[in-house]
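What you see is a predicted model, and the numbers here were worked out from it, not measured in a lab. Values below: all heavy atoms of this structure, side chains included; hydrogens, waters and symmetry mates excluded.
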Amino acid sequence: MFSNTETSLRVTEIDFLKSQNTQQHHTDGYNIKNLVVRRGQPFQVQVSLSRELKAADKLSLRFSIGEKPMKNRGSLLSLKPEREDSNGWKISVVKKNGNECLLSVTSSPNAPVGKYNLHVKAGTNIYTPENGVIYLLFNPWCEDDAVYMANEAEKKEYVLNDTGYIYVGSAYNIYNRPWNFGQFEEFVLDACMYLLDKSKLNLTERRDPAHVSRAMSALVNANDDSGVLLGNWSGNYVNGTSPMDWIGSVIILQQYYKTKKPVRYGQCWVFAGVLNTVDIYLNEKGEKLNSLSFDSVWNFHVWNDAWMKRTDIPNGFSGWQAIDSTPQEQSQGRFQCGPCPVKAVREGDVYLPYDAKFVYAEVNADRVYWVVKKVNGRDKYFKVGTETQAVGKNISTKAVGQNRREDITREYKYPEGSKEERMSMQRAYSFIRPLGLMPRSGYASSTVQTLSGSTEPLVPKEPVTETGLHLEITNTEPLHPGNPLELAITVKTSVPGNWTVNLTGSCQLQYYTGKVQANLGTIKETINLEGTSEMQIPLKIAPDAYMKTLSSVEDEVLILVTAIAEVEETNDKLTKETSMRFEYPPITVQMPETAKLYNDFNCAFIFKNKLNVTLENCKLLVEGLGIFKMTTFELGDIMPGRIAKSEIICTPTRLGEKKIVAKLISNQIKGISTEKGIFITE
């Protein structure tokens, strides 16, 4: 008699060697039970068998992806040791030790990304392990992967760092908002995998970062599918969260994964056509008119750049690709934008996929100012100035390995006035039918003053005036809410002669989208200047003029100052606008500089109201990835001079440099934020 067990080979257990594999694959940060690995790089599994593996035994690992895995579609891979699969995967036996067998698995560097089910077939028996779903990600560490990035410091910043900044404000005043990306937090990777499944990309498309990132740009906004975030710029967020109240992506993605419904609400920094001139309409007081301004010039806009090799377009356009998930314009029938090679924007190659014309216009538009005057009861439009290259002045990102802003405008465009810029612009114009200078507002068509509407590709130049007219807008005192806004417009001339200058100035509150929220005041002055001289005209706004608006809006608003100057003797016209930000008292964070893993420490947030107004309904939002979950403190009203102090006990669960982010929101103020770093050791 021979025993049957000798012939029948069975798998009794599988060890995914999670600790060793995730360290080698730079995925040890993920808070998840399953094994997470990157494609094109070997990982090991330890298989325990019912008896020793013999040469004649058949052993295979089966990886399947998708709903109906099939061998001929490449969605079912059956891997046998030492034989390379047709899809570029391979496994080998590292060592055998009694009933134990250590296997090494290498996936293809262009394998479809996503969730794979693993089954092991030994002889005729199939074993299904517990937590047998393996997550396969893109691999910036693998030279044959399209997302390969050679620089270690850049990989640390762009792949592994889970905190960063979003730069907002205006070209004159750039400031940062801390943001927690939180890619390693619980359910965040699951939410991404759920979106990948929802994208309905086929297996071939899942191999390519260009297709995956394009699909994700559509799924982040819920404007045409049930994506992650619903865009809302109305200022009314009653049945949701105001875009200002988020300090990171974690809560948003966790909520979306749990409910599978869009989270309310987002704006462009939350979502981290034709080559246009953008028309801005002013009334006779120099105040910007919302109703006519169809095009929006936003004070700032936030989008993503993703690093990848582009195999679908001519050589030379790999590297950083712009992706924009803010729903602004449909592309191929969906609210999606990109990936568009940043280099194509710089070189003017705007015919390249995807959406290069739109991205080019986002960073290269000019502004044309029109004054609307009533003449015999009808609106007439008078052009009072063109600001070339007004859009896309400063393009910013967080510097690699440092908490500072890096200006990357040069990646998107050549220096202004350079020969390369002219050539790039002419190249871009040759692919886009250039439009003559006419106001684009629908109301404007019937009564336009004829303008030199040449449709030749003009390369705009700075307006040179006969008088050397120049305008500057400044604030003479700090812009604290509750205090008068002390502003000034300086008019300068630099050519010999006596000049009579009619100056119109206005001050308004506006959203970052350019929409005016309130008119605060105007001035009209006639001044006389001789030769090279200047005069400063004050523009003062009392607190009563703006505090009510400040309390009624849900968003942070900017102070917009517009000046129009006309010289009577020469008919020179010049327009200038500047947006400024209110200045706020800081939040102070008190905590140690270092702490030990799993050892509690105390963290205190202190805010002193140094303003002359009571801040009503104050809320403090705090989050520390790997330290504590997002927490909200309701602080009520904080009177002038009063101090609010909130404390939290922190338990660090991850090693290395960590950040704590805090944000204070009240009826009057929406945007005070701060952060502090702490180093966690073993």
### Message
Test ring pair (Phe, Tyr, Trp, His ring centres under 6.0 Å) on Trp303 and Tyr412; report intermediate values, then the result.
### Response
CA-CA 13 Å; Trp303 67 95; Tyr412 277 82; 5.8 Å; yes
#### Entry: From CA spacing to verdict: ring pair (Phe, Tyr, Trp, His ring centres under 6.0 Å), Tyr158, Trp320
CA-CA 12 Å; Tyr158 299 128; Trp320 290 114; 5.0 Å; yes
### Query
Given Thr467 and Asp572, is the side chain to side chain donor-acceptor pair (under 3.5 Å) satisfied, shown in steps?
CA-CA 8 Å; Thr467 52; Asp572 274 354; 3.0 Å; yes
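Between Lys373 and Glu284 no salt bridge is recorded (no basic side-chain N to carboxylate O distance below 4.0 Å). Glu556 and Arg581 are joined by a salt bridge, as a carboxylate oxygen and a charged side-chain nitrogen come within less than 4.0 angstrom of each other.
In this model, a donor atom of one side chain and an acceptor atom of the other lie less than 3.5 Å apart for Gln508 and Asn519.
At least one donor-acceptor pair closer than 3.5 Å links the side chain of Gln668 to the backbone N or O of Glu616. Judged by distance alone, with hydrogens and angles left aside, the side-chain atoms of Tyr167 form no donor-acceptor pair with the main-chain N or O of Ile174 at under 3.5 Å. In terms of modelled atom types and a separation under 3.5 Å, the side chain of Lys413 and the main chain of Val363 share a donor-acceptor contact. When atom types are taken as modelled, the side chain of Glu411 and the backbone of Asp407 share no donor-acceptor pair closer than 3.5 angstrom.
With a 4.5 Å cut-off on side-chain heavy atoms, Tyr414 and Glu347 count as touching. The side-chain heavy atoms of Ser217 and Ile323, taken from C-beta on, include a pair separated by under 4.5 Å. Counting heavy atoms from C-beta on, the side chains of Asn528 and Asn498 never come closer than 4.5 Å. Considering only heavy atoms from C-beta on, Leu615 comes within 4.5 Å of Ile669 through its side chain.
Here the two rings, on Tyr546 and Phe582, have centers that are under 6.0 Å apart.
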